[in-house]
Engineer: 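Below: one structure in structure tokens.
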Amino acid sequence: MFEAQKVSTLYCSHKCNSKHYKLKKKLERKEAAEAVLIQPQTFKPKVKAVDRATIKDKEFLTVRDVSILFGCSRPTVYKLIKLGKLRAKNIGLKQTYIRRSDIDKLFQ
């Protein structure tokens, strides 16, 4: 039986105090891990419907727009440009534009 000398004493020794502290921290970690597993996973679509609607109205498309339209990656669009299947113009260093009519010709 443990009889405390002071009002603030909760444990009989430092060893008992340490064991309880470790147990408390272990339970906190377990609860945190369970909370992460319980939270529902939310997935965001990569392409919004609004993006596709605005792409259809444009006359000049960027490489990103074309990749969204084709459903492929940007490097694939750059490969098509390099092979000469798509005509594109560089405006500045990082701005490549493709005409809508050139995309239509690709499928005719």
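Below, each value reflects all heavy atoms present in this structure, side chains not excepted, and no hydrogens, waters or symmetry copies.
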Engineer: Please find the pair of heavy atoms, one from Ser101 and one from Glu59, that lie closest to each other, and give the distance.
Structural biologist: N-OE2, 4.5 Å
Engineer: Consider side chain to side chain contact (heavy atoms under 4.5 Å, CB included). Of Ile81, Leu80, Thr62, which one does Ile98 pass it with?
Structural biologist: Ile81
Engineer: Between Leu106 and Phe70, is any pair of side-chain heavy atoms under 4.5 Å apart?
Structural biologist: yes
Engineer: Tyr78 versus Val66: any side-chain heavy-atom pair under 4.5 Å?
Structural biologist: no
Engineer: Under the rule for salt bridge (Lys or Arg N to Asp or Glu O under 4.0 Å), what residues qualify as partners of Lys58, not counting sequence neighbours?
Structural biologist: Asp65
Engineer: Could you tell me whether Tyr11 atom OH has more than 12 heavy atoms of other residues or ligands within 6.0 Å of it?
Structural biologist: yes
Engineer: State the NZ-CZ distance between Lys89 and Arg99, to the nearest 0.5 angstrom.
Structural biologist: 8.5 Å
Engineer: Would a single hydrophobic cluster contain both Ile68 and Tyr97, if residues Ile, Leu, Val, Met, Phe, Trp and Tyr are joined by side-chain heavy-atom contacts under 4.5 Å?
Structural biologist: no
Engineer: Using side-chain heavy atoms (C-beta onward) and a distance below 4.5 Å, is Arg100 in contact with Leu69?
Structural biologist: yes
Engineer: Sequence neighbours excluded, which residues qualify as salt bridge (Lys or Arg N to Asp or Glu O under 4.0 Å) partners of Lys25?
Structural biologist: Glu28
Engineer: Let me confirm one number: the OG1-CZ distance from Thr96 to Phe60, rounded to the nearest 0.5 Å.
Structural biologist: 14.0 Å
Engineer: If only atom types and distance count, is the side chain of Thr9 paired as donor or acceptor with the main-chain N or O of Gln5 below 3.5 Å?
Structural biologist: no
Engineer: Answer yes if Phe107 and Val63 sit in the same cluster of Ile, Leu, Val, Met, Phe, Trp and Tyr residues linked by side chain heavy atoms under 4.5 Å apart, and no otherwise.
Structural biologist: yes
Engineer: Is there a side-chain contact between Ser67 and Thr76, using heavy atoms and a 4.5 Å cut-off?
Structural biologist: no
Engineer: Any idea which heavy atoms bring Leu61 and Ile55 closest together, and the distance?
Structural biologist: CD2-O, 3.6 Å
Engineer: Should side-chain heavy atoms under 4.5 Å link Ile, Leu, Val, Met, Phe, Trp and Tyr, which residues sit in the same cluster as Leu93?
Structural biologist: none
